[in-house]
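Let me begin by presenting the structure, written as C-alpha cells, before commenting on it.
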Amino acid sequence: MSLRVALSFVALMFLSACALLQSQEKAALGPWHLPFEAAEVSQLLKGSYQDQEFVLHTALKMDEDRLLLLGLDQMGRRAFSLTWDATGVHVEKAVWLPDALEARYILSDLMYAYWPLEKLVAQGLVVTQVGTKRTIFEEGQAIAFITKEGTTQRWAGQTVIENIKRGYRIEIQSQQTGETQ
C-alpha cells in the first residue's frame, strides 16, 4: 500500500472519528489541566478500516503546563504537532498531509482510551467501565469500545479502540518513556 493511500485512509478515519470531538467542538476543550500524573509516552497506532490498514507513530508528553502530541508517518516525517496549554489547543501540520487529517481526532481517541473515567464523565460523556473495558455512548447507543489488554497500567501494553459508529479499529502499543516533574 502506498504512503499516500495510507495517509488518505488515516485522514478519512480520523475525520469521522470520535463523538467526543463533536461535544468538544460545541464546548471547546478550554485550557489544559493535567488529568493524571505527568508522563512521556511513545505509541504505535495500527488501524484498519474496511480492507485498508495504516500505521502512525505518536509521541505524547504531558506535564502541569501542557500536553504535546507529535505524529510521525511511517518514514519518520512529522505529520503534525498538537499543543494543548492554558490558551487552548493549537495544531501544526505538514504541508504534504491531507487537509482531512486532524490531530484533534487523535487526541479525542487518546482521551477515550486513557483519561480517567471521572474526567470523561465530567465532560458530559456517558461511559461505562467494567474492568479494563470501556464503552462510550452517544444518544443511548454504544459508539466505541475500548479494551486494555494484558495490563491495568495506563501506559503499558496494548489498547484496542473499536469505533462502531465510524467502522474502524485501532490497536495502540504504548510505552512510557519518562515522567515529567
Side-chain angles (χ1 to χ4, degrees), residues 10 13-15 17-47 54-73 76-94 97 101-125 127 129 131-136 144-163 170-181:
V10 170
M13 196 257 334
F14 285 116
L15 216 186
C18 295
L20 176 59
L21 181 65
Q22 293 172 355
S23 65
Q24 289 169 347
E25 287 174 338
K26 294 175 188 170
L29 285 174
W32 167 249
H33 297 286
L34 187 64
F36 38 71
E37 71 282 351
E40 293 181 24
V41 181
S42 178
Q43 295 181 310
L44 181 64
L45 285 68
K46 294 181 181 181
F54 71 91
V55 175
L56 187 66
H57 182 264
T58 62
L60 179 65
K61 180 180 179 181
M62 295 170 287
D63 60 29
E64 291 291 331
D65 298 323
R66 75 185 130 276
L67 174 145
L68 300 171
L69 178 63
L70 176 66
L72 304 174
D73 71 4
R77 299 181 300 170
R78 186 178 84 170
F80 64 84
S81 60
L82 178 145
T83 303
W84 185 3
D85 59 22
T87 63
V89 176
H90 314 280
V91 178
E92 294 179 14
K93 66 181 200 173
L97 193 66
L101 180 57
E102 287 290 335
R104 293 171 197 253
Y105 295 121
I106 298 169
L107 175 60
S108 293
D109 278 336
L110 295 177
M111 291 172 71
Y112 272 164
Y114 298 105
W115 262 225
L117 182 63
E118 61 275 7
K119 300 286 185 182
L120 294 174
V121 171
Q123 291 184 0
L125 290 173
V127 183
Q129 183 165 335
T132 59
K133 296 182 181 200
R134 277 187 183 172
T135 304
I136 311 295
F145 299 102
I146 295 92
T147 304
K148 183 78 172 150
E149 298 179 351
T151 181
T152 58
Q153 295 178 356
R154 178 175 286 120
W155 303 119
Q158 178 170 285
T159 301
V160 177
I161 300 171
E162 292 185 62
N163 191 309
I170 304 170
E171 296 177 5
I172 304 172
Q173 291 290 333
S174 297
Q175 181 175 3
Q176 188 162 353
T177 56
E179 291 183 6
T180 307
Q181 298 298 329

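Values in this document were obtained by computation on a predicted structure and should not be read as measured data. Numbers for residues simply follow the sequence, beginning at 1.
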For [X] versus [Y], what's the shortest heavy-atom pair and its separation?
| X | Y | result |
| --- | --- | --- |
| Pro35 | Pro116 | O-CG, 3.6 Å |
| Ser42 | His57 | OG-NE2, 2.8 Å |
| Ala113 | Thr159 | CB-CG2, 3.9 Å |

Just to verify, what does [X] make a side-chain hydrogen bond (donor to acceptor under 3.5 Å, both in side chains) with, not counting sequence neighbours?
| X | value |
| --- | --- |
| Gln176 | none |
| Thr177 | none |
| Thr58 | Gln43 |
| Asp65 | none |

My understanding is that only residues two or more places apart in sequence, or in another chain, count here; which of them pass side chain to side chain contact (heavy atoms under 4.5 Å, CB included) with [X]?
| X | value |
| --- | --- |
| Leu34 | Trp32, Ala38, Met62, Glu64 |
| Lys133 | Thr147 |
| His33 | Pro31 |
| Ala59 | Leu70 |

Check your understanding: Got a donor-acceptor contact below 3.5 angstrom from the Lys61 side chain to the Gly178 backbone?
Key ->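 Judged by distance alone, no pair lies under 3.5 Å.
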Check your understanding: Do Arg134 side-chain atoms and Val127 backbone N/O form a donor-acceptor pair below 3.5 Å?
Key ->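 A pair under 3.5 Å: no.
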Check your understanding: Among all residues two or more places apart in sequence or in another chain, which pass the ring-ring contact (aromatic ring centres under 6.0 Å, His included) test with Trp155?
Key -> Phe36, Tyr114
For [X], which residues count as a salt bridge (charged side-chain N to carboxylate O under 4.0 Å, His left out) partner, sequence neighbours excluded?
| X | result |
| --- | --- |
| Arg154 | Glu37 |
| Glu92 | Arg78 |
| Glu171 | Arg169 |

With rounding to the nearest 0.5 angstrom, report the [atom1] to [atom2] distance, [X] to [Y].
| X | Y | atom1 | atom2 | value |
| --- | --- | --- | --- | --- |
| Ser81 | His90 | OG | NE2 | 11.5 Å |
| Leu82 | Lys93 | CG | NZ | 12.5 Å |
| Glu162 | Ile136 | CD | CD1 | 13.0 Å |
| Lys46 | Gln158 | NZ | CD | 8.5 Å |
| Ile172 | Leu45 | CD1 | CG | 4.5 Å |
| Asn163 | Phe145 | CG | CZ | 10.0 Å |

Review point. Would one find more than 12 heavy atoms of other residues, nucleotides or ligands at under 6.0 Å from atom CD of Glu149?
Key: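 Result for CD/Glu149: enclosed.
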Check your understanding: Around Glu118, counting heavy atoms of other residues, nucleotides and ligands shown, do more than 12 lie under 6.0 Å from its CD?
Key -> yes
Exercise for review: Find out whether Leu67 and Leu107 are in side-chain contact, i.e. whether some heavy atom of one side chain is under 4.5 Å from a heavy atom of the other.
Suggested key: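 Yes. Closest side-chain heavy atoms under 4.5 Å.
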Review point. Where do Leu69 and Leu110 land on the side chain to side chain contact (heavy atoms under 4.5 Å, CB included) test, with the steps shown first?
Key: CA-CA 10 Å; Leu69 178 63; Leu110 295 177; 4.0 Å; yes
Check your understanding: Please walk me through it: do Leu125 and Tyr112 pass side chain to side chain contact (heavy atoms under 4.5 Å, CB included)?
Key -> CA-CA 10 Å; Leu125 290 173; Tyr112 272 164; 4.0 Å; yes
